[in-house]
**Student:** 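My questions all concern the structure below.
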Amino acid sequence: MARDLLGKVLVYDDPHGRRAARLVEVEAYHGPRDPASHAHRGPTPRAAVMFGAPGHAYVYLSHGVWPCMNVVAHLPGVPGAVLLRGAEPVVGLGGDPRRLAGPGLLARAFGLRTADTGADLVRSPLHLRDAPAVAARDVARGPRIGIAPSVTSERAWRLWIRGSPGVSRR
DNA sequence: CGAATGATCCGA
DNA sequence: CGGATCATTCGA
């Protein structure tokens, strides 16, 4: 579930060192029943990873410039993923949370490429570290960003940690 | 508000 | 194979 990702720490170890950030904003995409999901049109080469095992990365390129990272997460047989939209720096990412406020900024700060698609987020250099659950009163939710209102109006699938400076600004 | 910038998908 | 689309960002 998307809200379980809030508060978890995304870690990327590469030859340059470790980068880590605490996730403070995510959006859920629900697969074939969700027209906004890249999995909506079936297992195309790009979206195929979302039809596989949960806990893997799906990184796509937005507008030719911005890598955006998702965590494949779904119930058996129902493709879906969670877009990472905002985070707070923990290690190796500087001190300004606004540099991680937005899916493109976040994935770029980690140096992610579309080739990172498929990474096992439990065992690979790119992984998620568990963290205590965020209290319900600290979690806010609203409509997803950049999606036609007709699609998303009744689906408040964007979740964020109230008051965090790592939440994307609008 | 519009440009940047390229992978992806669909229709022909 | 060509054109439209895009889960975005930044600067004028």
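On a predicted model such as this, the values are computed, not experimentally measured, just so you know. So you know, we letter chains A, B, ... as the sequences are listed, proteins then strands, and number each from 1.
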**Student:** Send over the distance from A:W157 CH2 to C:dA7 C1', rounded to a whole Å.
**Tutor:**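 Roughly 13 Å, once rounded to whole Å.
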**Student:** Side chains of A:S168 and A:E25: do they bring a donor and an acceptor to under 3.5 Å?
**Tutor:**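 Checked: A:S168/A:E25 side chains pair up, N/O donor to acceptor below 3.5 Å.
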**Student:** Do A:M69 and A:L10 come close enough that some side-chain heavy atom pair is under 4.5 Å?
**Tutor:**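 A side-chain contact under 4.5 Å exists here.
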**Student:** Report yes if a side-chain nitrogen or oxygen of A:R108 is closer than 4.0 Å to either non-bridging phosphate oxygen (OP1 or OP2) of C:dT9; otherwise report no.
**Tutor:**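 For C:dT9, neither OP1 nor OP2 has a side-chain N or O of A:R108 closer than 4.0 Å.
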**Student:** For the base of C:dA7, is there a side-chain donor-acceptor partner from A:Y60 under 3.5 Å away?
**Tutor:**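 Looking at the base of C:dA7, it does pair with a donor or acceptor on the side chain of A:Y60 (distance under 3.5 Å).
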**Student:** Classify A:R144 by what it touches in the nucleic acid, base, sugar-phosphate, or nothing, heavy-atom distance under 4.0 Å.
**Tutor:**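 Result for A:R144 = nothing.
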**Student:** Between P on B:dT5 and CZ on A:R113, what's the gap in Å once rounded to a whole number?
**Tutor:**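 My rounded result for the distance is 16 Å.
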**Student:** Using the six-membered ring for Trp and the full ring for Phe, Tyr or His, decide whether A:Y29 stacks on the six-membered base ring of C:dA7 (centres under 5.5 Å, planes under 30°).
**Tutor:**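 So yes, this residue stacks on that base, both cut-offs being met.
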**Student:** Of the nucleotides C:dC10, C:dA7, C:dT8, which one has an atom closest to the side chain of A:L105?
**Tutor:**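 Of the options given, the side chain of A:L105 lies nearest C:dC10.
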**Student:** Has A:R99 got a side-chain N or O lying under 4.0 Å from the OP1 or OP2 atom of C:dC10?
**Tutor:**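 So the side-chain polar atoms of A:R99 do come within 4.0 Å of the phosphate oxygens OP1 or OP2 of C:dC10, strictly under.
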**Student:** Which base sits across from C:dG3 as a Watson-Crick or G-U pair, both distances under 3.5 Å?
**Tutor:**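 For C:dG3, the partner nucleotide comes out as B:dC9, under the 3.5 Å rule.
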**Student:** Here's a test of your reading of the structure: between A:W66 and A:T114, which maps to the more 5' nucleotide of DNA chain B?
**Tutor:**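 Residue closer to the 5' terminus by nearest nucleotide: A:W66.
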**Student:** Nearest whole angstrom, please: distance from the C1' of B:dC10 to the CZ of A:R46.
**Tutor:**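 From A:R46 CZ to B:dC10 C1': 13 Å.
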**Student:** Name the closest nucleotide to the A:M50 side chain, picking from C:dA7, B:dT5, B:dC9.
**Tutor:**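 Per side-chain heavy atoms of A:M50, the pick is C:dA7.
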**Student:** Would one find a side-chain N or O of A:H63 under 4.0 angstrom from OP1 or OP2 of B:dT5?
**Tutor:**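 Indeed not, no polar side-chain atom of A:H63 lies that close.
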**Student:** Just how far, in rounded Å, is C1' of C:dC6 from CG of A:L83?
**Tutor:**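 Roughly 13 Å, once rounded to whole Å.
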**Student:** Please determine whether the number of non-hydrogen atoms from other residues, nucleotides or ligands lying under 6.0 Å from atom NE2 of A:H30 exceeds 12.
**Tutor:**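 Not buried by this count: 12 neighbours or fewer within 6.0 Å.
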**Student:** Can you list the steps and then say if A:H38 with A:Y60 is a ring-ring contact (aromatic ring centres under 6.0 Å, His included)?
**Tutor:** CA-CA 10 Å; A:H38 291 175; A:Y60 70 93; 4.7 Å; yes
**Student:** Rounding to an integer number of Å, can you tell me how far A:M69 CE sits from C:dT8 C1'?
**Tutor:**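 Distance check: A:M69 CE to C:dT8 C1' gives 18 Å.
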**Student:** Please give, in whole Å, the distance from C:dC6 C1' to A:I145 CD1?
**Tutor:**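 Rounded to whole Å, this separation is 16 Å.
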**Student:** How many Å lie between CZ on A:R41 and P on C:dA7, as a whole number?
**Tutor:**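 In whole Å, C:dA7 P and A:R41 CZ are 9 Å from each other.
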**Student:** To the side chain of A:L61, which of C:dC10, B:dG6, C:dA7 is closest?
**Tutor:**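 Given the options C:dC10, B:dG6, C:dA7, the side chain of A:L61 is closest to B:dG6.
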**Student:** Examine B:dC9: is either OP1 or OP2 under 4.0 Å from a nitrogen or oxygen in the side chain of A:T44? Give yes or no.
**Tutor:**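 Affirmative; the distance criterion is met.
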**Student:** Heavy atoms from C-beta onward define the side chain here; which of B:dT5, B:dC9, C:dA7 lies closest to that of A:V65?
**Tutor:**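 The listed nucleotide nearest to A:V65's side chain is B:dT5.
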**Student:** Would you find a donor on one side and an acceptor on the other, under 3.5 Å apart, between the side chain of A:E88 and the backbone of A:V24?
**Tutor:**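 Side chain of A:E88 to backbone of A:V24, a donor-acceptor pair under 3.5 Å: no, none is there.
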**Student:** Mark yes or no for whether A:H74, through its side chain, and A:V78, through its backbone, hold a donor-acceptor pair below 3.5 Å.
**Tutor:**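 Flag set: sc A:H74 to bb A:V78 pair under 3.5 Å.
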**Student:** Specify the separation, in whole Å, of atom NE2 of A:H30 and atom P of C:dA7.
**Tutor:**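 Rounded to whole Å, this separation is 18 Å.
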